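This report refers to the structure that appears directly beneath it.
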Amino acid sequence: MAMTMHVDIVSAEASIFSGIAEMLVAPAKMGEVGIYPRHTQMLTTLKPGEVRVVKQGGEEETFYVSGGVLEVQPHTVTILSDTALRAHDLDEAAALEAKRKAEEAMANRESDMDYARAQAELAEAVAQLQAIQRLRKKKGM
Amino acid sequence: MASGKEIRTKIKSVQSTQKITRAMEMVAASKMRKAQDRMEATRPYSEKMRRVIGHLAWAHTEYRHSYLEEREAKRVGYIVISTDRGLCGGLNNNMFKSLLAPMKEWDDKGIEIDLCTLGQKGFQFFKRLGGRIVAEKSHLGDSPHLTDIIGVVKVMLDAYNEGRLDRLYLVFNEFVNTMTQAPTVEQLLPIPKGEIEEEIKHHWDYIYEPDAKEVLDQLMMRFIESQVYQGVVENIACEQAARMVAMKAASDNAGSLIDELQLAYNKARQAAITQELSEIISGAAAV
């Protein structure tokens with residue numbers, strides 16, 4: 001019987017594949033790599049592309065990954081797949097967006113701030129009304 | 001005493017409120033189940049990630065990553081995950097309260113705090129409080145994606161990388177069960193030692209492609225992101241559970257209020273009938 005290894009392909013949002021495989025081909029950063037059981041420990045990043053898994057018995061299955069990290073241990077292979085395309089520029093843009101939003105919302109005192117304050121004041125008023133009602137009820141009875 | 005008609009309209013209005021709260025309760029129950037499923041789905045990734053990082057801690061790496069190294073705290077950062085909407089009981093407030101104590105401690109030591117909020121409630125709260133919010137993201141919806149949080153996490157990680165932050169914490173509600181949600185403050189950076197302990201083996205190292213620094217940078221970034229993402233997903237499950245419980249209590253309260261009003265209404269009606277009867281009788285007697 002052919003030697004096998006355990007393969008896990010997971011993304012942050014879901015588990016994609018988990019099972020026994022004879023061989024695996026993945027699009028590593030420096031070029032495609034084929035992993036057989038008893039491969040030495042390796043850690044590499046992945047490019048967007050196809051991951052081919054030859055399962056026990058020779059059946060093949062293909063998955064698409066949009067990048068991620070590949071970890072190889074002699075008897076286990078783990079692919080931590082990204083859920084979306086990652087690029088330095090895209091990440092940078094997302095970070096800037098988050099910063100800008102915070103600054104904008106901090107500066108935007110009238111609308112947001114007033115809303116929050118009004119909400120707090122309303123809660124206070126409701127509590128006062130309730131207290132008055134309770135007092136009245138006591139007196140009335 | 002209020003007249004019969006007044007009480008009747010009041011009963012109607014309470015009944016319609018009850019209808020709304022009951023509907024919200026049911027919606028929250030079904031959303032909670034979905035959120036729990038999502039929570040389960042995200043678990044394998046962070047477990048695998050933790051294992052890889054565990055391996056790394058024992059591998060004889062030629063490159064020590066800054067996320068593993070402790071340094072003196074001069075400025076700390078908090079990523080606060082809260083809900084966008086209210087009507088979920090004391091969920092957010094309990095969490096903010098649990099955060100205020102450590103924040104005060106830092107403040108007393110003269111250490112500045114940078115905040116990063118995910119969710120509207122947290123933003124509003126800390127803005128009122130006068131906290132320094134450096135990044136913000138809200139309206140993640142019921143099924144958030146990892147892409148949504150990349151930006152805010154990067155702001156904090158960049159600050160850490162550049163030495164502007166020396167500690168990074170994640171604040172969220174931990175889903176214990178439907179009735180209990182525990183506010184949690186978790187240290188993200190530097191990565192706590194306890195988390196990455198595994199069985200000690202002989203010294204070995206990975207083959208890194210293209211090189212150790214690049215691979216580790218990417219791995220660590222993803223690890224932190226997945227931690228934050230898990231917090232977000234868990235917080236959503238908490239939100240729905242808390243809302244379900246709060247709405248159930250509201251429906252029950254509305255029910256007892258209706259009972260009380262009904263009793264008052266019956267009394268008022270009885271009084272009116274008695275009065276009418278006595279008027280008729282006294283009228284008849286007068287003739």
Side-chain angles (χ1 to χ4, degrees), chain A residues 8-16 18 28-31 33 39-46 67-74 76 78-86 88 90-106 108-109 112-113 115-117 119-120 123 140, chain B residues 1 38 41-49 51-52 55-56 59 86 115-117 120 123-125 127-128 132-138 143-158 204-210 212 214-216 218-219 221-223 225-226 229-230 233:
Chain A
D8 284 305
I9 305 179
V10 290
S11 81
E13 286 165 30
S15 175
I16 297 167
S18 174
K29 187 84 182 283
M30 311 281 287
V33 289
H39 192 287
T40 183
Q41 289 94 346
M42 182 171 91
L43 202 58
T44 178
T45 52
L46 296 178
V69 177
L70 168 77
E71 191 228 10
V72 182
Q73 291 281 340
T76 46
T78 311
I79 293 179
L80 302 161
S81 155
D82 288 341
T83 41
L85 273 176
R86 302 289 296 262
H88 187 71
L90 281 177
D91 286 9
E92 199 74 46
L96 283 178
E97 169 80 11
K99 254 191 214 168
R100 190 185 58 76
K101 262 181 130 180
E103 274 158 20
E104 211 175 79
M106 289 291 270
N108 187 358
R109 294 210 169 257
D112 242 21
M113 191 67 177
Y115 180 68
R117 186 174 290 155
Q119 236 178 358
Chain B
M1 194 168 243
R38 215 168 291 123
T42 60
R43 223 159 251 165
Y45 186 79
S46 50
E47 266 167 31
K48 293 277 154 19
M49 188 69 105
R51 217 180 56 201
V52 173
H55 287 161
L56 260 180
L115 290 164
C116 155
T117 59
Q120 273 221 295
F123 181 75
Q124 281 167 4
F125 180 84
K127 193 172 155 188
R128 250 170 79 86
R132 227 180 75 89
I133 301 169
V134 292
E136 189 261 340
K137 175 95 190 172
S138 51
S143 49
H145 292 289
L146 190 75
T147 11
D148 297 330
I149 62 158
I150 287 173
V152 283
V153 175
K154 190 173 164 58
V155 171
M156 298 311 258
L157 288 185
D158 281 351
W204 51 272
D205 199 2
Y206 287 108
I207 301 172
Y208 298 97
E209 243 179 64
E214 192 170 319
V215 177
L216 290 186
Q218 291 230 13
L219 192 69
M221 186 175 82
R222 285 184 172 79
F223 176 65
E225 277 167 7
S226 82
Y229 180 72
Q230 231 198 342
V233 172

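Only this structure's heavy atoms are used, side chains among them; waters, hydrogens and symmetry mates stay out. Order of the sequence lines fixes the chain letters, A, B, ..., with proteins taken first and strands second; residue numbering starts at 1 for each chain. Keep in mind that this is a model prediction, so the values were computed, not measured.
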* Relative to chain B, which segment of A:Ser81 carries a heavy atom at a distance below 4.5 Å: side chain, backbone, both, or neither? -> backbone
* Structure fact -> Ranked by heavy-atom pairs below 4.5 Å to chain A, first place among B:Gln230, B:His145, B:Gln218 goes to B:His145
* Asked: Yes or no on side-chain contact (heavy atoms from CB on, under 4.5 Å) for A:Leu80 and B:Arg222, after CA distance, side-chain angles and deciding distance?
  -> CA-CA 9 Å; A:Leu80 302 161; B:Arg222 285 184 172 79; 5.7 Å; no
* If you measure from CG on A:Asp8 to CZ on B:Arg51, what distance do you get to the nearest 0.5 Å? -> 6.5 Å
* To do: Please name the pair of heavy atoms, one in A:Thr40 and one in B:Ile207, separated by the smallest distance, quoted to 0.1 Å.
  => CG2-CD1, 3.2 Å
* Asked: In terms of heavy-atom pairs under 4.5 Å, which option from A:Leu43, A:Val72, A:Thr44, A:Thr76 contacts chain B the most?
  -> A:Leu43
* **Contacting moiety of A:Lys101, where chain B heavy atoms sit under 4.5 Å** => both
* To do: Identify the two heavy atoms, one from A:Glu13 and one from B:Ala41, that lie closest to each other, and give their separation to 0.1 Å.
  => O-CB, 3.4 Å
* Asked: For the residue pair A:Ala98 and B:Val152, what are the closest heavy atoms and their distance?
  -> CB-CG1, 3.5 Å
* Could you tell me which of B:Met156, B:Lys48, B:Arg38, B:Glu214 has the largest number of non-hydrogen atom pairs under 4.5 Å with chain A? => B:Lys48
* Asked: By a 4.5 Å heavy-atom criterion (distance strictly below it), what part of A:Thr45 contacts chain B: side chain, backbone, both, or neither?
  -> both
* Structure fact -> Interface check, chain B: of A:Met30, A:Glu71, A:Lys99, most non-hydrogen pairs under 4.5 Å belong to A:Glu71
* Asked: So B:Val52 and A:Val69, side-chain contact (heavy atoms from CB on, under 4.5 Å) or not? Walk me through it.
  -> CA-CA 10 Å; B:Val52 173; A:Val69 177; 5.8 Å; no
* **Where B:Val155 and A:Ala95 come nearest, the two heavy atoms and their spacing** => CG2-O, 3.4 Å
* So what's closer than 4.5 Å to chain B heavy atoms on A:Ala28: side chain, backbone, both or neither? -> side chain
* Given that the side chain runs from C-beta out, which part of A:Glu97 has a heavy atom under 4.5 Å from chain B: side chain, backbone, both or neither? -> neither
* Show the numbers, then the answer: is there a side-chain contact (heavy atoms from CB on, under 4.5 Å) between A:Val10 and B:Met49? => CA-CA 10 Å; A:Val10 290; B:Met49 188 69 105; over 6 Å; no
